[in-house]
Structures are given as structure tokens and as C-alpha cells.
Amino acid sequence: MQFSAREDIEAPVNAVFEMVADFERFERMAMRRGIEVRRMSDHMGVVPGTSWQTEFRLRGKPRHVDIQMAECEPPSHMRFEASSKGMNGFTLIEFLALSQRRTRLSVDMTLAAKSLPARLLLQSFRLGQSRFRRRFQLRLKEFAREIEERHLHGT
């Protein structure tokens with residue numbers, strides 16, 4: 001199962017990359033939403049090998065997902081790999097400079113099941129796929145507007 005979304009942002013590519021690479025901010029956002037996040041890497045930089053362990057509840061069941069930054073090429077892209085008991089996922093985030101002050105942010109996410117319960121979970125996602133795609137695009141759009149605002153006010 002694959003999801004893709006893209007948004008154009010009124011900010012330079014380096015600024016957008018830097019804000020997306022603010023992992024501490026994403027960790028805090030996840031914790032506010034009830035997701036337990038532990039960074040497993042000693043370093044705080046944006047380098048391949050950076051990894052996290054996460055725990056959360058989905059559909060009433062506890063889930064554990066390990067995430068690792070597999071690739072990072074500033075300011076063009078980042079690639080993450082995620083794995084859980086029954087599923088694998090890959091996320092590619094690409095940054096394309098459209099001009100000196102405009103950047104296209106593209107996010108491609110792929111999920112693949114390794115077990116029967118995970119296949120059933122993915123099948124239920126497929127049934128609500130159009131709703132999920134709309135929410136995915138809306139969240140990226142909100143995030144893009146937030147980046148523009150932060151860039152404009154220098155925060």
C-alpha cells in the first residue's frame with residue numbers, strides 16, 4: 001500500500017530541510033499525542049543510522065514500531081525505514097528547490113504486511129483509503145503552512 005502527497009512551500013529548500021530535520025520537535029509532538037518515543041542513537045544530528053523506538057495504541061492494541069533513518073542527502077532527501085512485528089514501511093521525503101524562495105516537499109510512504117493480522121489491518125486501511133489519502137494530504141498542507149509561518153517569523 002502506498003501513499004503520496006506533495007506541497008509547495010514559500011521558503012528556501014535549506015530552511016525547509018532544516019525544519020523537517022528538527023527531530024526533537026517531532027518527538028515532542030508525538031509524545032503530546034500519546035506516542036511513547038525513545039531515540040536510540042547517541043547523536044542528535046541528522047545522519048543515517050539515527051533510530052527510534054515507538055509505542056502507541058492503534059485500534060485498541062499496543063503497537064511497537066522501530067524507525068531508522070536509512071539515507072540522508074541534505075538538502076535533497078531523507079529516507080526512513082520502519083518495522084514492527086507484522087509490518088514494514090518506507091518513507092521517502094524529497095525536497096525540490098522550485099526557486100530561491102520556493103520548495104516542493106514530497107512525501108511517499110509504503111506499507112507492506114509480513115503477517116496475516118497485518119494483512120487484515122492493511123486491508124481495513126485500503127477500505128478507507130480515500131479518506132486516509134485526504135487526511136494525509138491535509139496534514140502535509142498544514143505542516144507546509146506551519147513551515148512557511150516559522151520561516152517568515154524566524155522561529
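Note that the structure is predicted; figures quoted are calculated from it, not measured.
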Checklist line | Nearest-0.5 Å distance, CZ of residue R101 to CD of residue E148 | finding: 13.0 Å

Could you tabulate the donor-acceptor pairs under 3.5 Å formed by side-chain atoms of residues 73-82, not counting sequence neighbours?
from	atom 1	to	atom 2	distance (Å)
S76	OG	E73	O	3.0
H77	NE2	E71	OE2	2.7
R79	NE	E71	OE1	3.4
R79	NH1	E81	OE2	3.0

Checklist line | same_hphob_cluster(F132, L138) at 4.5 Å side-chain heavy-atom cutoff | finding: no

Note to self: Rounded at 0.5 Å granularity, tell me how far CD1 in I93 sits from CE in M109.
What the structure shows: 8.5 Å

Margin query: Hydrophobic clustering (ILVMFWY, side-chain heavy atoms < 4.5 Å, transitive) - are L140 and F3 grouped together?
Written below: yes

Checklist line | Min side-chain heavy-atom separation I67-T91 under 4.5 Å | finding: no

Next item on the list: Would you check if the side chain of K114 reaches a backbone N or O of S84 as a donor-acceptor pair within less than 3.5 Å?
Entry: yes

Check: Are side-chain heavy atoms of M69 and V46 found at a separation under 4.5 Å?
Finding: yes

Checklist line | S4 side-chain N/O to D108 backbone N/O, donor-acceptor pair under 3.5 Å | finding: no

Checklist line | side chain to side chain donor-acceptor pair (under 3.5 Å) involving Q129 - partner list, sequence neighbours excluded | finding: none

Note to self: Before you tell me yes or no, could you show the steps for E94 and R6 under side-chain contact (heavy atoms from CB on, under 4.5 Å), namely the whole-Å CA-CA distance, both residues' side-chain angles and the distance that decides it to 0.1 Å?
What the structure shows: CA-CA 9 Å; E94 294 180 297; R6 70 179 192 208; over 6 Å; no

Checklist line | For the student: nearest non-hydrogen atoms of Q68 and G49, plus distance | finding: NE2-CA, 3.6 Å

Next item on the list: Applying side-chain contact (heavy atoms from CB on, under 4.5 Å), run through R63 and K85 and close with a yes or a no.
Entry: CA-CA 8 Å; R63 310 290 176 167; K85 187 174 164 186; over 6 Å; no

Notebook entry, point to check: Are F125 and F90 connected in a single hydrophobic cluster, I mean Ile/Leu/Val/Met/Phe/Trp/Tyr linked by side-chain heavy atoms less than 4.5 Å apart?
Noted result: no

Item checked: Side chain proximity check, D22 to R150, heavy atoms < 4.5 angstrom -> yes

Check: Quick one: does T103's side chain have a donor or acceptor within less than 3.5 Å of a partner on I9's backbone?
Finding: no

Margin query: Check for me, please, whether M29 and V37 land in the same ILVMFWY cluster - side-chain distances under 4.5 Å, paths through other members count.
Written below: yes

Check: Once you round to the nearest 0.5 Å, how far does CG of D66 lie from CD of E55?
Finding: 9.5 Å

